[in-house]
2 protein chains.
Amino acid sequence: MTDNDNNKIPTQPVTIQDIAQIADVSIATVSRYLHGHLNRMSAETADRIARIIKENNYVPNKVAQNLKQKTSSTIGIMVANIDDSFSIELYKGAEECLFKLGYELVLINSKGDAKRENQLINDMRNRQLAGLLVQPVQNKLADFKVLSDLGLPTMLLDRHLDEHHWPVIESNNEAISRDLGQMIIDKGYEEVIIVTETVAATTSHQQRAKGICEIVEAAGLITHIIEVDENHFDGEAVHTQIGQLTNHRQIKTALIALNEPLLIQLVGLKIRKNVKYPQQMGIVGYADTPMINILDPDLTLVRQQPIEIGRRAAQMLVAEIRNEEVAEDSVIINAEIIAGNSL
Amino acid sequence: MTDNDNNKIPTQPVTIQDIAQIADVSIATVSRYLHGHLNRMSAETADRIARIIKENNYVPNKVAQNLKQKTSSTIGIMVANIDDSFSIELYKGAEECLFKLGYELVLINSKGDAKRENQLINDMRNRQLAGLLVQPVQNKLADFKVLSDLGLPTMLLDRHLDEHHWPVIESNNEAISRDLGQMIIDKGYEEVIIVTETVAATTSHQQRAKGICEIVEAAGLITHIIEVDENHFDGEAVHTQIGQLTNHRQIKTALIALNEPLLIQLVGLKIRKNVKYPQQMGIVGYADTPMINILDPDLTLVRQQPIEIGRRAAQMLVAEIRNEEVAEDSVIINAEIIAGNSL
DNA sequence: TTGTAGGCGTTATCAT
DNA sequence: ATGATAACGCCTACAA
């Protein structure tokens, strides 16, 4: 190769200045070229600039652009539990959409801890984000002062607050749970045991429990709720508790896990204790990893569309960031019941 | 409250200018304050600035800082498979370390696709990253021109390339696999079936297979390798294949999954086919989620330390970014064998 | 069609 | 102890 510039080791960044100089035009012209204002210059100029940009491998400095335009290309997504594949799927949906549009996605994990959630949001203050996607741990707007003070375009994922303030993209939790309740009734169950997290502050779980209980209790079934600490699941204790609730009477019982980590625990319990379903007991849960079906293809599941939730939220967020007219406010993405043989 | 400035709706960002003006000093002084050069100003000035910063809720604009300092506070982490919890753990380790130090972590998923990997790296060019953590899909430095051309501080995670170019933080794959091989020999197995991905371009898997085979074949055991497409796992086919390799002869066989997704598949198969271990067949795999043990607490596993790998890589990356003396080059993080009852 | 110049918010050098 | 001021790389009226 005749021109040996290409072989320079970590060649230090080329700027719009350099390009302008080499092309013998002003930076304004180069800038215009970069922004596609080709009608504001001669064809030759455009060609020359194009060539020189390519030759010099120039790419504009996004930090400078951001400073000038008072925006940033970074969007934050705060999930409640990075170990729950639901959260990862939210991320995947959002990322897929945002990366294409030139944004980077910064993933933050609140670990289901409200204090940490607020702390992290506060840390975001000087991070110059363009917007925020939040799967909130808290459910009271009043507690979210840090977030509202941020004044950033924000979308809520999967859960909502007591007051409307930001658009929410979530599943039809209550409705699908009523469907599930009806299904349980139709299959002749007489008793329902719901396994949920101790601190069921999340609206998604509240709505699920509500939907199921309303329908099922109206039909005269007995309902129990077992609250467990997801991070310190005690299989034996839960097994005992379930036994106490059911064994003594000969009643047809359905066991419901309100999220995937809990369902995995229950399935593990079932495998270990060698429980036969649906003969001994029906099992169903809210879960989204394909993995769970690998382990047990027979499982009846409530499947949401976390990827779609993430995607929609991302679209809406970008629309708001760009100040385009926001056609829709909150959005419901329907979940569905995947019928297996476990219920 | 008497001062009603605090009640303004999305108050637009306060700048160092504003602070200087209110405090009746120059921005230089404010800047000095911000950087802790308190000895370069009077105590009263410092106090006043401190108060005004607090009152006005000022926080410096990181984009401007980055532009000025020609750095950014964003670090990219490209993982091979976001659906493999190993990758998520890498992220967690890195994030935990980096967030504290004031960096944001952008998560990118190459999906095990070399072409996509190069594409994504190329997209990173104008993103002004401070550094990059990469769990590479490719294993040839020559194919990684995009990455080396980036000229960014980079650390490789979990896998290395044919030539040394960047520091690597990885497990002691070959050694731990030899240990595993020895364990299999000691337990009296006569045959080994290794289940691995079709395109085992990743050095981690190569080393695992190598370590096992070397030891085991030296001891006269028979070894088979079943290559599967992780994304299109055909349980029946694999089951048949295993059957063909074993059923006809009465031989004590150990089944080894070289990563977690594959192990989950095998465990699912085992559960469905109701295989008893270790009587009928031994099972062991490389896996890191606690989840797998929830489903089957008896599993013998090779457990790596992905969080530690991520953490170390992050530390080293930051050291390089800051041009501190890098004490160490590549690093090995030891894996260990968790003895269960499945082997 | 093209160029000039001011400014985005900070940092840091050089004065005073 | 403090203040001007020139960058950093880019965008964009406003001129020409």
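Each chain gets a letter, A, B and so on, in the order its sequence line appears, and its residues count up from 1.
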TODO: Would you tell me if any nitrogen or oxygen in the side chain of Tyr33(A) comes within less than 4.0 Å of OP1 or OP2 on dC10(D)?
DONE: no
- [ ] Would you indicate what Val63(B) reaches in the nucleic acid, counting non-hydrogen atoms under 4.0 angstrom: base, sugar-phosphate, or nothing?
- [x] nothing
Task: Sugar-phosphate only, base, or nothing, as touched by Lys70(B) at under 4.0 Å among non-hydrogen atoms - done: sugar-phosphate
Open item on the list: Whole angstroms only, please: what is the CG-P distance between Leu38(B) and dA1(D)?
Closed with: 11 Å
Task: Euclidean distance, atom CG of residue Asp47(B) to atom P of dA1(D) [Å, nearest integer] - done: 14 Å
TODO: Using heavy atoms to find the nearest nucleotide of DNA chain D for Ile27(B) and Leu67(B) separately, return the residue whose nucleotide is more 5′.
DONE: Ile27(B)
TODO: Walk me through it: do Gln128(A) and Thr74(A) pass the test side-chain hydrogen bond (donor to acceptor under 3.5 Å, both in side chains)?
DONE: CA-CA 8 Å; Gln128(A) 241 63 42; Thr74(A) 304; over 6 Å; no
TODO: Indicate yes or no for a side-chain donor-acceptor contact from Ser330(B) to the backbone of Val168(B) under 3.5 Å, with no hydrogens or angles considered.
DONE: yes
Open item on the list: With a 4.0 Å limit, can you tell me whether Ser31(B) has a side-chain N or O closer than that to the phosphate oxygens OP1/OP2 of dT11(C)?
Closed with: yes
Task: Phosphate-side-chain proximity, Thr15(A) and dG9(D), N/O vs OP1/OP2 below 4.0 Å - done: no
Open item on the list: For a quick test of reading the model: is some side-chain N or O of Gln69(B) closer than 4.0 Å to OP1 or OP2 of dT10(C)?
Closed with: no
- [ ] Could you pull out the closest heavy-atom pair between Phe86(B) and Asp158(B), with the gap in Å?
- [x] CE2-CG, 3.4 Å
Open item on the list: I want to verify a distance call: between dT10(C), dT4(C), dC10(D), whose nearest atom is closest to the Ser26(A) side chain?
Closed with: dT4(C)
Open item on the list: I need the CD-P distance between Gln17(A) and dA7(D), as an integer number of Å.
Closed with: 11 Å
Open item on the list: Looking only at the side chain of Met41(A) (C-beta and beyond, no hydrogens), which of the listed nucleotides dT2(C), dC11(D), dA13(D) gets closest?
Closed with: dT2(C)
- [ ] Round to a whole Å and report the spacing from NZ of Lys62(A) to C1' of dC11(D).
- [x] 16 Å
- [ ] Go through the N and O atoms of the side chain of Arg32(A) and the base of dT12(D), and report whether any donor-acceptor pair is under 3.5 Å.
- [x] no
- [ ] Could you grab the distance from atom CG of Leu157(B) to atom CD of Gln135(B), nearest 0.5 Å is fine?
- [x] 6.5 Å
Open item on the list: Can you measure Leu34(A) atom CG to dC11(D) atom C1' for me and round it to whole angstrom units?
Closed with: 11 Å
Task: Touch class at under 4.0 angstrom, heavy-atom based, for Asn66(A) against every strand present - done: nothing
- [ ] Starting at atom CD1 of Ile16(B), determine the distance to atom C1' of dA4(D), rounded to an integer number of angstrom.
- [x] 14 Å
Task: Upstream residue (5' side of DNA chain D) when Lys68(B) and Val59(A) are each assigned their closest nucleotide - done: Lys68(B)
Open item on the list: Taking 4.0 Å as the cut-off, does a side-chain nitrogen or oxygen of Thr45(B) come that near to OP1 or OP2 on dT2(D)?
Closed with: yes
Open item on the list: Can you measure Gln65(A) atom CD to dC10(D) atom P for me and round it to whole angstrom units?
Closed with: 7 Å
Task: Ile16(A) and its side chain to side chain contact (heavy atoms under 4.5 Å, CB included) partner, picked from Thr29(A), Ile27(A), Ile53(A), Asn61(A) - done: Ile27(A)
Task: Spacing between Arg40(B) atom CZ and dT11(C) atom P, to the nearest angstrom - done: 14 Å
Task: Phosphate-side-chain proximity, Thr29(B) and dT2(D), N/O vs OP1/OP2 below 4.0 Å - done: no
Open item on the list: For a quick check of understanding: with a heavy-atom distance under 4.0 Å over all strands, which category does Asp24(B) fall into, base, sugar-phosphate or nothing?
Closed with: sugar-phosphate
- [ ] Looking only at side-chain atoms of Ala64(B), point me to the closest of dG9(C), dT11(C), dC10(D).
- [x] dG9(C)
TODO: Look up atom CZ in Phe144(B) and atom CG in Asp162(B), then write down how far apart they are to the nearest 0.5 Å.
DONE: 10.5 Å
